[in-house]
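Reading through the structure tokens given below for one structure.
Protein chains get the first letters and strands the later ones, always in sequence-line order, with residue 1 at the start of each. No experiment lies behind these values; they were computed from the predicted model shown.
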Amino acid sequence: MLNVVNLSKTYRSAQDEVSVLRGVDLRIAAGESVALTGESGSGKSTLLHLIAGLDDADGGEVWIATTQVLGLSDAARATLRRQQLGLIFQQFNLVPSLSVADNLALQARLADRHDPAWQAELVERLGLGEMMKRYPEQLSGGQQQRVAIGRALAVKPALLLADEPTGNLDEATADDVLHLTRDLVARSGCAFLMVTHSARLAAMLDRQVHLHAGRIA
Amino acid sequence: MSRALWILAVLMSHWRRHPMQFATLVTGLIAATALWSGVQALNQQARASYDRAAAIFGGTRTATLIDPAHAVFPQQLFVDLRRAGWPVSPVLEDRVQIGGRSFRLLGIDPVTLPPEAAAISTVGPRQLAAFIAPPGRTLVAPETLQDLGLRDGATPQLNDTVTLPPLQLEPRLAPGVLVMDIGMAQRALNKPNEISRLLVGQQTQGMRPPLESITGSTLQLVQPDAESDLARLTDSFHLNLTAFGLLSFLVGLFIVNSAVGLAFEQRLPTIRTLRACGASLRMLTAVLIAELVAISLAAGLLGLIGGYLIAAALLPDVAASLRGLYGARIPGQLALDPQWWLSGLAMSTLGALAAAASSFVKMARLPVLAAAMPAAWHETQQRWLRLQGGLAMSMIFTAAGMAWFGDSLMSGFALLATLLLGAALALPVVLDATLDMGARWSRGPLINWSWADSRQQLPGLSLALMALLLALAVNVGVGTMVSSFSTTFLRWLDGRLAADVYISATTDAQASAIKAWLAQRHDIDAVLPSGRAEVQIDGAPVEILGLADHATYRDRWPLLQATANVWDKLRDGDAALVSEQLARRLKLDVGGRLPILTPAGPWSLGIVGVYADYGNPKGQFAVNVDAMFEHFPEALRTRFGLRVAPAHIDTVVNALRRQFDLDSRQLADQATVKTESKRIFNRTFAVTTALNAFTLGVAGIALLTSLLTLGNARLPQLAPLWAIGLTRRRLAAIELAKTMAVALVTALLALPLGLVVAWCLIAVVNVKAFGWRLPFQMFPLQMLTLLGVAMVAALCATLLPVLKLARMQPAKLIRIFADER
């Protein structure tokens with residue numbers, strides 16, 4: 001499903017250059033869940049952003065199914081994100097002026113793939129039934145992240161990418177959220193790549209890869 | 001399409017959660033559109049009226065043949081030209097008095113009238129017979145009919161002897177004009193076989209023999225002009241109105257820019273999320289533009305309704321101003337064409353897009369993952385300060401250049417524009433430096449914080465403060481100019497209205513009878529005969545005023561420059577006093593000569609003085625009244641003034657009224673004329689006062705909306721102070737003091753700027769626009785009042801956000817620490 005080949009990325013400033021990724025190779029099969037670990041500044045988030053087409057690489061390839069992400073235009077990358085990817089961030093990134101129901105349906109509606117039955121199942125599994133009319137500011141951190149997970153999965157993506165999805169949550173809530181995510185990923189059959197600092201959470205997924213000094217260790 | 005609508009729904013949801021911000025945006029757009037479109041409506045109405053006057057029967061829009069040496073020429077030349085194939089049509093024109101009022105009588109030949117000059121269907125084939133066959137028709141506009149006090153079909157009389165053809169209403173005719181068949185006009189004016197000019201049709205152009213071969217050097221061809229004389233003359237007035245409209249439009253756009261800028265920053269997280277969820281940058285930009293266009297169209301429509309109401313309210317005063325300043329007649333009913341509505345909506349939309357352009361550019365360059373930083377909006381603006389300072393300096397230097405080298409009305413307005421823009425751009429730089437200095441000199445943590453916080457708040461407030469500065473400076477400038485004019489005008493009026501009673505008889509016979517009757521009375525100190533005639537100088541009409549040789553004029557006539565023994569030289573006959581605007585227009589100086597052509601032959605006048613003649617749209621010069629009648633034997637001798645002891649004025653006026661059945665237009669005492677002149681003066685400047693008030697009001701709204709918009713964004717700065725022990729009430733008091741201090745500094749800077757604006761208006765714009773220069777005067781009380789009004793406006797604008805802060809629920813402040821918004 002995901003094939004990253006010899007991917008490199010360097011950040012340049014007036015003073016110096018920092019090579020964050022130095023030839024990263026990574027493969028994830030459909031239905032597989034992988035944890036990406038590594039110390040701060042190792043390039044985990046950068047790798048995730050390059051896979052999602054949110055940033056440009058200096059070299060290498062990123063294949064999602066049969067599409068090479070790095071050669072695409074902004075509009076084509078947007079289409080790819082809309083149709084095939086689900087993204088979950090540490091900062092929840094919900095739209096503050098939309099209700100929980102509208103936030104959940106946001107990406108599915110953008111992709112013209114709104115499936116009421118699948119959304120109803122997500123609402124039930126995520127325990128959001130009582131909160132559909134509330135706004136993000138009226139929810140706790142854990143509840144907000146559940147909404148973000150629901151939004152990412154509502155489109156039935158081929159690949160779910162999560163950047164420290166439990167970074168803002170306490171341990172118990174984090175476990176709860178991750179179990180839920182893993183179950184839903186298994187139910188939808190998509191590939192799952194999660195960036196995390198926590199070895200404990202990484203161990204809950206099928207496979208762990210460690211990023212060190214810009215390379216997969 | 002559904003994707004775009006969904007994105008639009010997501011973006012629009014922001015406004016549901018921030019209704020005050022939405023109100024700010026809409027208010028800015030309405031304010032920007034309303035005054036601009038109101039002023040444009042007034043200009044359009046006036047220009048349509050000038051066009052009406054110019055287009056009918058060969059005004060400046062049709063090529064004409066004239067005799068440059070004489071007012072009229074023989075009709076035989078018309079016959080010769082027609083026979084030679086020239087498509088010419090004769091016109092006879094003169095001014096006539098009916099019931100003590102002056103009208104323009106126009107005789108035309110409807111049979112030969114060129115189609116492009118015949119704008120009225122009344123003299124088309126069907127009405128031709130009635131127009132040319134006795135008794136004929138006198139075509140008049142509705143306004144003229146009203147001025148004459150007669151009905152359709154009535155037959156007015158000239159000098160109680162000549163009866164004009166029956167009046168017929170013609171709505172498309174310009175006011176103040178009587179149109180009839182040329183044969184009847186020749187009889188009425190006692191100018192048989194004479195014509196004033198020949199209209200030249202466009203057909204067969206190029207195939208006719210040369211003019212000189214038919215008429216010799218008698219006639220001269222005057223090419224048509226795209227712009228009428230009236231339109232040219234009133235350009236400065238309309239430019240003035242447009243400048244006010246533009247100022248208000250810009251102030252409105254300041255509000256829009258502020259609202260759109262903050263809304264964009266607050267919507268950055270949403271935009272980021274939408275992009276992460278697969279909305280392309282192109283679609284987001286398109287949807288944001290569509291949203292802004294939709295809002296600006298709706299707000300623009302409301303603004304247009306406001307503009308219509310403003311125009312309707314101001315039209316009577318504008319009409320009075322144009323009549324008073326230029327003699328232009330504007331109908332009192334507002335009629336607007338679809339172009340006005342469309343251009344108003346276009347201005348609103350383009351203005352909104354221009355105000356939002358920087359936000360769109362920022363979004364286009366924004367990386368998808370850039371963090372949302374509402375505070376960065378203010379920080380980025382700080383970087384502009386240095387650039388802004390440089391721009392301000394270059395603008396001020398340009399203004400100085402315009403003041404030094406400029407020699408036209410346009411350069412005068414350009415001077416004002418660059419000066420005001422430069423000062424506005426310099427304001428944030430000056431305020432920043434002032435606040436920085438304050439912070440350096442202050443002691444104590446709270447005061448220090450207060451200075452520093454004011455500096456941080458400045459970028460968000462600077463547009464509103466610039467609007468306040470501009471509005472206030474323009475108010476001070478225009479107020480000073482109007483007051484200077486008012487003071488000078490009243491003093492001038494005292495000198496100019498030298499006689500105690502003014503009489504304008506209907507006919508020469510009545511004038512003689514009145515003079516004979518006055519000679520028998522003992523309560524009349526002096527009878528001061530005066531006369532008026534008109535000549536053409538450089539193609540423009542110039543008035544001649546005949547003055548009696550009397551101590552009244554020697555003692556009181558307001559002269560700006562004069563030679564020694566000026567009045568003795570005037571009495572001798574071949575000398576003239578010229579009005580200031582005529583002297584400037586023809587570049588005449590005392591000691592020079594003014595040659596003119598009179599019915600009695602050429603007359604060379606030595607210029608012995610220059611006098612002020614405020615409010616007269618035409619050039620004028622004064623000569624001895626006896627010398628005038630020698631050179632203009634046909635000039636009416638119907639006007640004269642009386643010197644009467646104050647105690648006898650009422651008795652004399654009442655006796656004259658009873659004896660000769662004179663109405664108020666024919667007989668007036670000095671006090672009545674003065675009161676009427678002052679009323680006209682005040683009405684002339686009523687528009688300026690109203691526009692001043694509107695502009696200041698819009699600036700007040702700009703300040704209020706900026707403060708309300710900033711209110712929420714400032715909570716992260718205020719919440720920590722509340723947490724460490726400052727009460728909400730105290731925080732609110734500090735906020736109030738800070739904003740008022742910044743507004744006060746702005747208002748104080750506006751005062752000297754306003755005086756410079758006043759100087760530009762008096763010494764540059766007025767001189768070019770009207771031809772006269774006023775003495776510059778300062779009015780400290782007026783400035784203090786304006787300062788007070790500005791501070792009250794700032795207080796009103798500050799109070800609402802401050803009260804909101806004082807009554808804010810602690811929970812809202814606590815939330816700042818929970819999520820840092």
Side-chain angles (χ1 to χ4, degrees), chain A residues 11 45-46 48-50 52-56 72-99 102-114 135-141 144 147-148 151-152 154-155 157 161 163 168, chain B residues 1-19 21-22 263 265-287 291 363-374 712 715 811-812 814-821:
Chain A
Y11 287 111
S45 294
T46 302
L48 207 71
H49 296 158
L50 292 175
L54 296 171
D55 203 354
D56 287 315
L72 297 175
S73 66
D74 177 73
R77 287 185 199 191
T79 307
L80 178 84
R81 280 198 299 274
R82 198 160 66 227
Q83 302 287 351
Q84 303 212 44
L85 298 184
L87 289 168
I88 306 168
F89 297 98
Q90 184 177 347
Q91 291 295 343
F92 319 138
N93 282 348
L94 301 179
V95 177
S97 51
L98 292 184
S99 65
D102 285 339
N103 264 296
L104 266 176
L106 179 65
Q107 186 171 347
R109 282 193 189 277
L110 282 176
D112 279 337
R113 278 159 61 175
H114 181 53
Y135 283 86
E137 64 183 24
Q138 296 167 316
L139 304 180
S140 69
Q144 286 191 50
V147 178
R151 183 183 67 196
V155 76
L161 299 170
D163 189 357
N168 275 346
Chain B
M1 189 61 192
S2 64
R3 187 177 309 133
L5 288 176
W6 178 239
I7 293 174
L8 182 65
V10 172
L11 290 171
M12 295 278 279
S13 66
H14 172 83
W15 301 119
R16 265 205 316 274
R17 307 280 289 172
H18 297 89
Q21 214 174 73
F22 186 70
E265 289 299 334
Q266 289 182 344
R267 287 203 287 191
L268 263 184
T270 301
I271 290 169
R272 186 173 74 157
T273 303
L274 280 167
R275 289 202 65 189
C277 288
S280 68
L281 177 64
R282 193 182 301 171
M283 174 149 302
L284 267 172
T285 310
V287 169
E291 179 202 32
M363 190 180 78
R365 291 177 180 169
L366 186 78
V368 185
L369 292 167
M373 293 180 294
N712 281 341
L715 286 183
K812 196 165 179 186
I814 289 169
R815 218 165 36 232
I816 300 299
F817 304 110
D819 58 14
E820 284 293 327
R821 300 156 53 74

Calculate, to the nearest 0.5 Å, the distance between atoms CG and CZ belonging to L5(B) and R109(A) respectively.
11.5 Å
Among N103(A), L98(A), D102(A), find the residue that satisfies the side-chain contact (heavy atoms from CB on, under 4.5 Å) test when tested with V10(B).
L98(A)
Taking every non-hydrogen atom, the tightest pair across A78(A) and A279(B)
CB-C, 3.9 Å
Of all heavy-atom pairs linking A276(B) and L54(A), the shortest is CA-CD2, 4.4 Å
Hey, does I7(B) have a side-chain heavy atom less than 4.5 Å from the side chain of L110(A)?
yes
If one checks every heavy atom of L87(A) against chain B at 4.5 Å, the contacting part turns out to be side chain
Working to the nearest 0.5 angstrom, can you tell me the gap between M283(B) CE and R82(A) CZ?
7.0 Å
So which heavy atom on L281(B) is nearest to which on D74(A), and how close?
N-OD2, 3.2 Å
Please round to the nearest 0.5 Å and tell me the distance separating atom SG of C277(B) and atom CG of L106(A).
5.0 Å
Do any N or O atoms from the side chain of R81(A) and from the backbone of R275(B) form a donor-acceptor pair under 3.5 angstrom?
yes
Closest heavy-atom contact between R17(B) and P96(A)?
NE-O, 3.8 Å
